[in-house]
Protein chains: 2
Amino acid sequence: MDTPIEPANPRAALSALHVRLADADAIPFPTRSVERGDALYCAGEPLRSLYTVQSGCFKTVAAYPSADDDSAPHTQVTGFHLTDETLGLDGICTGRHESDAIALEPSVVRIMPVGILEPLCREYAAMQHELLAIMSAEIVRASRLALMLGTMPARERVAAFLLDFSERLEASADASGEPAAELQLPMTRGDIGSYLGLELETVSRMLSKLHREGAIGLNGRAVRIVDRALLQHN
Amino acid sequence: MDTPIEPANPRAALSALHVRLADADAIPFPTRSVERGDALYCAGEPLRSLYTVQSGCFKTVAAYPSADDDSAPHTQVTGFHLTDETLGLDGICTGRHESDAIALEPSVVRIMPVGILEPLCREYAAMQHELLAIMSAEIVRASRLALMLGTMPARERVAAFLLDFSERLEASADASGEPAAELQLPMTRGDIGSYLGLELETVSRMLSKLHREGAIGLNGRAVRIVDRALLQHN
DNA sequence: CGGGTAATTGACTCACCTCAAGCTAGGTGG
DNA sequence: CCACCTAGCTTGAGGTGAGTCAATTACCCG
């Protein structure tokens, strides 16, 4: 308790989470294009590389075998990944990918083979630090998602999702500092619902409600954030 | 697709997640004792060290400012940490702890100063690999928690919690391979509920129900797992 | 033995799920 | 160019699992 610092404002922290792997160094990693709807990798595949999104957007989908075996396994979108975010980190511990990564729009990724990555990090302290920071940020992100799913009502979840998404858009696109007000959501209501632990109908209803209340403009997947305060509070 | 391996069984994976940091090397890190109920660290504090639990048990608690500011912030137990598990990883990205770590019983931790850790990992490949594996495992754990909170009904959550806890007890205590059947839960129903995104009354009801159905023996915080299959399925 | 924290159980409520119907938009082929 | 078709979205009506409130019991520690 030596500094009178902010009590861990998660919104602020989320911006701080935004770190780039391997952009300081000039190593020419190869890239790969992925069509909309295609998988960058699938759960169970051996981990060969980590991927940094250059352009486009992905969702990661995890499955958990259902309680009664015959019924469908529990499945959930565990994250959306925009430009400059890194994919595949969850596979390091087992050497296998723990989830599917599906492109939500035509996307390009930078490929960083894991075999190269570790030696590289042993050489360059900055790079090692960056990798650790990114992984730590991913832990925080996942924990925060869990917190959201555990404690917030539907309406707050949807609002928080929109705010988070707009800030990450801003972070990846321009560096204006101002979060984006116009969002073009690349995912379906069903994807959002899965991510937020809600049914797609509930997501739709909450979006309509936020629209009626004047917090957002809404036209299909185009969302305009009108009143940030109204979204944050209440 | 070169190996016909298990399709990412999360239960199995969870055991694989169990990795020890800095136990191969003979570096004499100092230790620290923490009384039951005391905090090992608090959210917002600068990150000085990572901690490996030597004995005892901790819970980590995260706070998220509430939607309307005047009311209490959302708060949730984000994890329970037994022997050999590492605490503090979520703080690496911001340099500040993102949660409180509270001892649930008298505990001892091994202290690993972060300033030493990174250079050490640059020197020893095995240690670096271990650290990355632990962090990755933490990502998987958090994602899986989110999945659970997003998709499973109360009864399954409680059952999954008991199974997970018993396996981790086994992993940390003896190396028998057989998961523990007798659990002495160190946390309250409220803690469990917070972790699982349920009210403490619901946790209590589900435990009673599992008891009535013959899946578990139940006597306060002492739980005996009678019928694993019944817990897993249905 | 007494006081306070933790756990159990019941009755009632409500937020979200489920099921169902209709709508909209974009792409495709006749 | 339009008709169709599918996937996605919206909205309504009704059911239900978990939350809320409240009362009682069990337990631990001083």
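Chain A is the first sequence line, chain B the second, and so forth, proteins listed ahead of strands; every chain is numbered from 1.
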Salt bridge or not for A/Glu182 and A/Arg224, using N-O below 4.0 Å? yes
With heavy-atom distances below 4.5 Å as the criterion, would you say the side chains of A/Glu213 and A/Val226 are in contact? no
Atom pair OG1 (B/Thr78) and CD1 (A/Ile139), whose distance is rounded to the nearest 0.5 Å: 11.0 Å
Just say parallel, tilted or perpendicular for the rings of B/Tyr41 and B/His97, cut-offs at 30° and 60°. parallel
Nearest to the A/Arg221 side chain among D/dC21, D/dA18, D/dC9, which nucleotide is it? D/dC9
If I take atom CG in residue A/Leu210 and atom C1' in nucleotide D/dT10, what distance separates them, rounded to the nearest angstrom? 15 Å
Would you mind reading off the distance between B/Arg155 atom CZ and D/dG17 atom P, rounded to a whole angstrom? 13 Å
Give the residues of residues 185-193 of chain A touching DNA chain D, defined as any heavy atom closer than 4.0 Å, sorted by residue number. A/Thr188, A/Arg189
Rounded to the nearest angstrom, tell me the gap between atom CZ in A/Arg36 and atom C1' in D/dG8. 11 Å
Salt bridge or not for A/Glu201 and A/Arg189, using N-O below 4.0 Å? no
Spacing of A/Arg212 atom CZ relative to D/dT10 atom C1', expressed in whole Å: 11 Å
Rounded distance (Å) that lies between atom C1' of D/dG19 and atom CE of B/Met206: 11 Å
Using the side-chain heavy atoms of A/Arg205, tell me which of these nucleotides is nearest: D/dG12, D/dT20, D/dT10. D/dG12
Using 0.5 Å steps for rounding, measure from the OG1 atom of B/Thr86 to the CG atom of B/Leu50. 7.0 Å
Of A/Glu201 and A/Asn219, whose nearest nucleotide on DNA chain C comes first from the 5' end? A/Glu201
Pair A/Phe80 and A/Phe58, ring centroids less than 6.0 Å apart: no
Could you tell me the separation between the OG atom of B/Ser194 and the NZ atom of B/Lys59, rounded to the nearest 0.5 Å? 7.5 Å
About how many Å separate OG of A/Ser99 and CG of A/Leu89, when rounded to the nearest 0.5 Å? 10.0 Å
For chain A, the stretch of DNA chain C it reaches, first to last nucleotide, under 4.0 Å of its heavy atoms: C/dC16 to C/dC19
Nearest-Å distance, CE (B/Met148) to P (D/dA18)? 13 Å
Over how many whole Å does the gap from A/Glu199 atom CD to D/dT16 atom C1' extend? 14 Å
At 4.0 Å (heavy atoms only), tell me whether B/Leu198 reaches a base, stays on the sugar-phosphate, or touches nothing. sugar-phosphate
